Amino acid sequence: MDKKTSSNQDVEVRKGPWTMEEDLILINYIANHGEGVWNALARSAGLKRTGKSCRLRWLNYLRPDVRRGNITPEEQMLIMELHSRWGNRWSKIARQLPGRTDNEIKNYWRTRIQKLIRQAEPYSNPKYNSILDDASTSYSCGTNDGPPETYSSIWLDENPEAFQPSSTMPTESIEGFWSVENLWFNE
DNA sequence: AACCATTGCAACCGCAACATC
DNA sequence: AGATGTTGCGGTTGCAATGGT
């Protein structure tokens with residue numbers, strides 16, 4: 001799983017989890033040269049990764065402004081709200097949540113919110129089923145005749161105690177920011 | 001303690017859109 | 001106008017961590 005050889009001409013391409021050394025190389029290179037054409041960047045930096053892989057790693061984990069973990073109740077509400085409006089437009093949703101990435105939101109949706117909705121299913125409210133159908137495939141974008149009741153209202157129905165406005169935001173926001181040290185040693 | 005099932009998440013893949021030549 | 005390369009997006013997979021028995 002660790003190393004593989006790409007099909008084109010003996011160019012060794014690493015796959016799988018990034019190492020700390022690779023992260024540091026990428027961070028340092030971008031710090032010195034800025035973001036550029038990712039394929040060229042990967043070569044110039046001496047990384048045996050595809051440009052695509054470098055871009056993903058940078059955007060999702062290494063960028064200084066990326067917040068990781070601890071999705072707040074406010075953010076969860078917003079995700080539900082926006083998903084009810086836009087469907088699986090993860091990058092669009094992510095732009096409304098500073099520091100959050102489309103990948104994180106997508107994962108969060110699949111692992112947490114879908115589970116939440118499924119748990120609500122036994123109550124056999126038709127709205128849950130329609131939401132699940134839509135969520136598992138995709139919304140037809142641009143239609144603004146969205147559901148009158150949103151996910152957030154459903155979620156609040158199920159978790160009335162969970163949302164306490166403005167209680168947790170400041171500290172968690174700060175904790176969400178990374179450093180190379182806590183990226184690799186404190187998690 | 002050992003095994004199995006489930007969960008959460010990082011990373012990859014395929015595709016479409018866009019840019020450049 | 002077509003070929004080629006790059007970027008961005010959404011879906012999916014693989015695997016480590018965790019929980020349950």
Side-chain angles (χ1 to χ4, degrees), chain A residues 1-9 11-27 29-30 33-45 47-73 75-76 79-80 82-121 131-143 151 155 172 175-180 182-187:
Chain A
M1 151 185 175
D2 208 4
K3 285 184 178 180
K4 280 185 186 166
T5 305
S6 77
S7 56
N8 59 346
Q9 322 223 343
V11 180
E12 193 181 33
V13 176
R14 268 186 60 84
K15 291 187 177 184
W18 278 64
T19 65
M20 183 178 164
E21 286 77 16
E22 288 176 310
D23 280 348
L24 287 172
I25 289 171
L26 184 57
I27 289 167
Y29 189 90
I30 291 175
H33 302 90
E35 297 177 33
V37 178
W38 288 105
N39 281 335
L41 186 153
R43 278 194 303 273
S44 303
L47 289 164
K48 294 181 171 61
R49 296 276 180 171
T50 63
K52 218 172 179 176
S53 178
C54 292
R55 174 184 165 274
L56 194 73
R57 183 67 180 169
W58 174 253
L59 292 179
N60 284 343
Y61 303 98
L62 300 179
R63 263 189 321 162
D65 59 334
V66 166
R67 297 174 61 209
R68 302 172 65 222
N70 289 338
I71 300 261
T72 65
E75 287 176 313
Q76 178 165 2
I79 291 168
M80 289 169 141
L82 294 176
H83 188 274
S84 73
R85 204 181 307 164
W86 294 330
N88 297 356
R89 310 291 298 178
W90 306 117
S91 61
K92 193 172 179 177
I93 293 170
R95 276 181 229 121
Q96 309 304 313
L97 291 120
R100 299 295 184 189
T101 68
D102 56 347
N103 207 33
E104 184 174 21
I105 291 171
K106 178 172 57 182
N107 280 333
Y108 186 75
W109 178 268
R110 291 185 59 83
T111 58
R112 310 284 178 80
I113 299 180
Q114 272 195 344
K115 190 174 79 179
L116 207 64
I117 294 170
R118 275 182 208 287
Q119 282 169 356
E121 250 189 330
I131 287 167
L132 262 184
D133 288 346
D134 288 343
S136 62
T137 56
S138 184
Y139 274 69
S140 58
C141 299
T143 57
Y151 302 141
W155 182 73
E172 290 189 357
E175 283 170 4
F177 288 98
W178 68 278
S179 70
V180 174
N182 62 32
L183 191 66
W184 279 98
F185 299 116
N186 291 346
E187 292 192 354

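What you see below is based on every heavy atom in this structure, not just the backbone, and it leaves out hydrogens, waters and symmetry mates. Chain A is the first sequence line, chain B the second, and so forth, proteins listed ahead of strands; every chain is numbered from 1. Computed from a predicted structure; not experimentally measured.
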Check: A:N60 side chain, B:dA10 base, donor-acceptor under 3.5 Å: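 Side chain to base: no pair below 3.5 Å.
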Ring pair (Phe, Tyr, Trp, His ring centres under 6.0 Å) partners for A:Y108, two or more places apart: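 So A:Y108 forms no ring pair (Phe, Tyr, Trp, His ring centres under 6.0 Å) with any residue.
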List, with names and distances, any nitrogen or oxygen atoms from the protein found under 3.5 Å away from nitrogen or oxygen atoms belonging to nucleotides 7-9 of chain C.
{"residue": "C:dT7", "atom": "OP1", "partner": "A:G36", "partner atom": "O", "Å": "3.3"}
{"residue": "C:dT7", "atom": "OP1", "partner": "A:W38", "partner atom": "N", "Å": "3.2"}
{"residue": "C:dT7", "atom": "OP2", "partner": "A:W38", "partner atom": "N", "Å": "3.0"}
{"residue": "C:dG8", "atom": "OP2", "partner": "A:R55", "partner atom": "NE", "Å": "2.9"}
{"residue": "C:dG8", "atom": "O6", "partner": "A:K52", "partner atom": "NZ", "Å": "3.3"}
{"residue": "C:dC9", "atom": "OP1", "partner": "A:S91", "partner atom": "OG", "Å": "3.3"}
{"residue": "C:dC9", "atom": "OP1", "partner": "A:R95", "partner atom": "NH2", "Å": "2.7"}
{"residue": "C:dC9", "atom": "O5'", "partner": "A:S91", "partner atom": "OG", "Å": "3.3"}

Atom [atom1] of [X] to atom [atom2] of [N]: distance rounded to whole Å?
X: A:I105; N: B:dC9; atom1: CD1; atom2: P; result: 13 Å
X: A:E35; N: C:dT6; atom1: CD; atom2: P; result: 16 Å
X: A:I71; N: B:dC9; atom1: CD1; atom2: C1'; result: 12 Å
X: A:K106; N: C:dT13; atom1: NZ; atom2: C1'; result: 11 Å
X: A:R110; N: B:dA11; atom1: CZ; atom2: C1'; result: 15 Å
X: A:W18; N: B:dA11; atom1: CH2; atom2: P; result: 9 Å
X: A:N103; N: B:dC13; atom1: CG; atom2: C1'; result: 13 Å
X: A:D23; N: B:dA10; atom1: CG; atom2: P; result: 12 Å

Stepwise side-chain contact (heavy atoms from CB on, under 4.5 Å) test for A:C54 and A:Y29: CA-CA 11 Å; A:C54 292; A:Y29 189 90; over 6 Å; no
CA sep, side-chain torsions, deciding dist, call: A:W86, A:I93, side-chain contact (heavy atoms from CB on, under 4.5 Å): CA-CA 8 Å; A:W86 294 330; A:I93 293 170; 3.9 Å; yes
Sugar-phosphate, base or nothing in reach of A:S53, heavy atoms under 4.0 Å: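 Sugar-phosphate contact only - A:S53 comes under 4.0 Å of backbone atoms but never of a base.
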Under 4.0 Å between a side-chain N/O of [X] and OP1 or OP2 of [N], yes or no?
X: A:R112; N: B:dT7; result: no
X: A:R57; N: B:dA11; result: yes
X: A:Y108; N: B:dG8; result: no
X: A:R68; N: B:dC9; result: no

Short side-chain to backbone donor-acceptor contact, A:S53 and A:R49, under 3.5 Å: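 No, A:S53 side chain to A:R49 backbone: no donor-acceptor pair under 3.5 Å.
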Close side-chain approach of A:L41 to A:L26, heavy-atom, < 4.5 Å: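 They are in contact (side-chain heavy atoms under 4.5 Å apart), so the answer is yes.
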Those residues that, when tested against A:K52, pass side chain to side chain contact (heavy atoms under 4.5 Å, CB included) (two or more places apart):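 For A:K52 the side chain to side chain contact (heavy atoms under 4.5 Å, CB included) partners, ignoring immediate neighbours, are A:T50.
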For A:A94, side chain to side chain contact (heavy atoms under 4.5 Å, CB included) partners two or more places apart: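 A:D102, A:I105.
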Dot-bracket encoding per residue of DNA chain C, Watson-Crick/G-U cut-off under 3.5 Å, | denoting interstrand: .||||||||||||||||||||
Cationic N near anionic O, under 4.0 Å, A:E22 to A:R14: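 Result for this pair is yes, salt bridge flagged.
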Considering all heavy atoms, the nearest A:L59-A:T101 contact: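 Where A:L59 meets A:T101 most closely, the heavy atoms are O-CG2, 3.5 Å.
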Contact letters for nucleotides 16-21 of chain B, in which S counts primed atoms plus P, OP1 and OP2 and B counts the base, heavy atoms under 4.0 Å: ------
A:E35: side-chain hydrogen bond (donor to acceptor under 3.5 Å, both in side chains) partners, not counting sequence neighbours: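 Counting only residues at least two positions away or on another chain, A:E35 forms a side-chain hydrogen bond (donor to acceptor under 3.5 Å, both in side chains) with A:W58.
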Mutual orientation of the aromatic rings belonging to A:H83 and A:W109 [parallel < 30°, tilted 30-60°, perpendicular > 60°]: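 Judged by the thresholds at 30° and 60°, the geometry between A:H83 and A:W109 is parallel.
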All salt bridge (charged side-chain N to carboxylate O under 4.0 Å, His left out) counterparts of A:E104, not counting sequence neighbours: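 A:E104 satisfies salt bridge (charged side-chain N to carboxylate O under 4.0 Å, His left out) with A:R100 only.
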